[in-house]
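Scroll down for the structure; my scribbles are underneath it.
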2 protein chains.
Amino acid sequence: MATISDVAKQTGLSSATVSRVINNYPHVSEEKRRLVHEAMEELGYFPNTSARNLRNRKTNLVAVLIPRLTNPFFTSILDGIEKVAEEKGFQLLICQTQSSKKKEMDFLTLLKTKQVDGVIFTSIENDWSEIKPYTESGPIILCNEYHRNATVPIIRLDQAYGSYLGTRHLIERGYRKIAFCHGSKSGLSNDRRKGFVRAMSEAGLPLNQEWIFHNTYTMEDGKNVLREIMNLRDRPNAVFTGGDEVASGVLKEAKRYGLKVPEELAILGFDDQPIASLIEPELTTICQPGEEIGSRTMSVFIDCLNGEIDRKQQSVIELPISLVKRKTT
Amino acid sequence: MATISDVAKQTGLSSATVSRVINNYPHVSEEKRRLVHEAMEELGYFPNTSARNLRNRKTNLVAVLIPRLTNPFFTSILDGIEKVAEEKGFQLLICQTQSSKKKEMDFLTLLKTKQVDGVIFTSIENDWSEIKPYTESGPIILCNEYHRNATVPIIRLDQAYGSYLGTRHLIERGYRKIAFCHGSKSGLSNDRRKGFVRAMSEAGLPLNQEWIFHNTYTMEDGKNVLREIMNLRDRPNAVFTGGDEVASGVLKEAKRYGLKVPEELAILGFDDQPIASLIEPELTTICQPGEEIGSRTMSVFIDCLNGEIDRKQQSVIELPISLVKRKTT
DNA sequence: GTGAAAGCGCTAACAA
DNA sequence: TTGTTAGCGCTTTCAC
């Protein structure tokens with residue numbers, strides 16, 4: 001494998017000059033520049049990334065933590081991140097946490113070992129106090145999920161408003177017995193509950209603890225939620241889910257039980273994934289712009305690296321959230 | 001940031017010994033081992049990955065080429081790859097090609113620059129002759145899509161059989177006017193056409209060029225296919241799509257036109273993604289085990305790195321493919 | 001069992 | 001404009 005000094009030898013120049021050519025430094029004569037290019041071509045030379053990384057103290061690599069690659073909402077975020085990353089010369093390292101606290105922490109050592117320049121969280125399992133020490137080692141950005149007290153840039157949606165909007169909508173449509181599905185115990189989840197509770201109490205509606213479901217993420221979880229609902233003596237007539245996948249599970253299973261949607265059971269999703277308008281009846285849902293939240297996040301990340309944004313201080317970008325009325329409510 | 005020589009100084013040992021401890025070498029006395037661990041803890045030392053990579057001439061990084069992150073079939077493959085990678089201490093670099101020939105070639109330079117130890121293709125845009133030279137620089141594995149003449153390991157499904165199976169099924173159900181959707185021009189696509197053509201000719205059915213559609217990948221493409229069909233004087237009464245996303249687009253649009261599925265138009269998918277059993281009527285489709293094909297691929301990759309499989313010679317692992325009968329045929 | 005020293009391939013400060 | 005040189009942080013011979 002050819003190295004920079006092979007090219008230097010071949011051209012009769014020093015490796016410094018070759019390096020200058022590789023990195024497009026201005027003060028190199030056109031002739032030598034051409035000479036170097038020729039030699040590189042001839043030798044099949046490519047600069048060794050590890051050597052450059054070591055020398056430059058950066059890798060142009062970003063770790064992206066994502067709970068599951070098979071969740072379309074998260075891949076839409078990833079897609080947004082990737083597009084900006086590609087454009088700006090960064091590569092992404094996939095870190096699938098499977099919603100595990102331990103894996104999340106393990107991936108953070110990528111920062112310590114300087115394998116990546118920074119980390120983007122799209123979901124959070126651990127408390128902020130666990131994560132905070134790592135902010136010393138490089139930029140950490142919170143995307144989508146967040147902690148109220150996190151001392152880093154946050155790109156998120158107004159979840160409280162989103163769930164308030166959704167709950168209000170259900171109430172306006174005449175539903176009064178509303179079930180609510182939670183994900184993990186993050187700021188996001190908290191805010192969603194707040195919005196829900198606010199809408200409910202504004203309407204003078206009671207909260208039934210039997211109608212609150214926890215740790216729901218997948219279609220399968222949605223099916224389980226519906227089964228649990230069917231076992232209740234006092235059943236809700238509407239379900240506000242934490243995601244379209246969960247919602248489609250609820251819907252699927254509701255149909256199996258012969259429940260009429262939305263007459264006997266209204267279902268409200270979250271995300272507005274492609275499936276939302278594919279299933280029947282089409283899913284009413286809260287639209288979260290996944291790709292945009294991703295691309296904004298990557299831009300902020302780059303600004304942090306360049307020191308244009310203080311990476312150790314909380315700053316919040318809040319993207320709009322909206323209700324997409326379809327047929328399940 | 002603490003380096004290995006800081007640890008050496010702190011302990012009064014040489015950096016060689018510290019390195020031995022880091023890498024769990026046998027011939028280090030227990031006492032010094034303990035001493036080193038203590039010092040590392042105290043100094044907050046973590047080995048620098050770039051330095052190790054440079055020295056060891058490997059990165060434990062694998063580039064995974066994928067057309068779109070938002071295609072659930074491909075993310076299921078990615079999921080399978082990731083799980084084995086994680087287990088074996090490899091990290092994945094996301095390379096979204098957007099089905100672009102140029103991007104695909106660009107990502108291959110990651111191999112040349114030694115940024116990754118190898119490359120996994122889940123789809124292929126360029127001819128094999130373009131890609132082949134890169135096999136000199138490290139293992140390249142073909143997963144899912146393939147070229148007949150590729151001189152590397154291939155993990156795939158028997159696509160010819162799959163589409164034969166699907167077409168036979170349509171014919172048996174009484175459909176005679178069958179449209180067929182293509183993706184890109186790879187061995188996979190070729191084989192699918194072969195299976196289709198074989199089933200058709202066995203049944204003595206003619207091929208209508210108006211019913212062959214090219215470059216169909218997304219739900220939107222599916223909608224377009226149906227619109228084109230509606231504009232035909234002589235319309236097919238069945239569509240064999242190249243993926244469930246395309247199929248769901250066809251279905252969605254068919255409903256919009258008031259077409260009865262499957263009575264007036266049968267639809268056959270490919271993949272068996274989650275949506276297949278979510279949409280209504282449920283989609284008959286060809287099941288491709290995405291996660292398994294991914295995990296098998298990553299195992300083969302590792303075997304290549306260890307020299308247990310010849311990486312410059314074609315070897316084929318073929319996974320089973322099957323028909324999932326549901327309601328659209 | 002441990003240390004000295006060379007070197008992986010590259011870049012940048014300094015000198016010319 | 002170009003070259004010399006030191007060094008990024010680590011591993012690994014080789015010697016003791």
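Bear in mind the structure is a predicted one, so any value in this text is a computation, not a measurement. Proteins come first, then strands; the chains are lettered A, B, ... in the order of their sequence lines, and each starts at number 1.
- A nucleotide of DNA chain C counts as in contact with chain A when one of its atoms lies under 4.0 Å from a heavy atom; the first and last such, 5' to 3', are C:dG9 to C:dA13.
- Put simply, A:Lys32 has a side-chain N or O that comes within less than 4.0 Å of OP1 or OP2 on D:dT2.
- Looking only at side-chain heavy atoms (C-beta outward), B:Phe90 and B:Ile302 come within less than 4.5 Å of each other.
- In summary, the side chains of A:Arg52 and A:Asn60 do not present any donor paired with an acceptor at a separation below 3.5 Å, with no hydrogens or angles considered.
- Taking 4.5 Å as the limit, some side-chain heavy atom of A:Val7 sits within range of a side-chain heavy atom of A:Leu43.
- With a 6.0 Å radius and a threshold of 12 heavy atoms from other residues, nucleotides or ligands, A:Glu308 has its CD atom above the threshold.
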Working for salt bridge (Lys or Arg N to Asp or Glu O under 4.0 Å), residues B:Glu38 and B:Arg34: CA-CA 6 Å; B:Glu38 277 173 20; B:Arg34 191 181 45 73; 2.8 Å; yes
Nucleotides 4-11 of chain D: protein proximity per nucleotide (B base, S sugar-phosphate only, - neither; heavy atom, under 4.0 Å): B-BBBBBB
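- Between A:His37 and A:Val21, the closest side-chain pair of non-hydrogen atoms falls below 4.5 Å.
- Ion pairing between B:Lys101 and B:Glu130 fails under the 4.0 Å rule for side-chain N and carboxylate O.
- Between A:Leu35 atom CG and D:dT2 atom P the separation is 10 Å, expressed in whole Å.
- Annotation for A:Lys312: atom NZ counts as buried by contact number, over 12 foreign heavy atoms lying within 6.0 Å.
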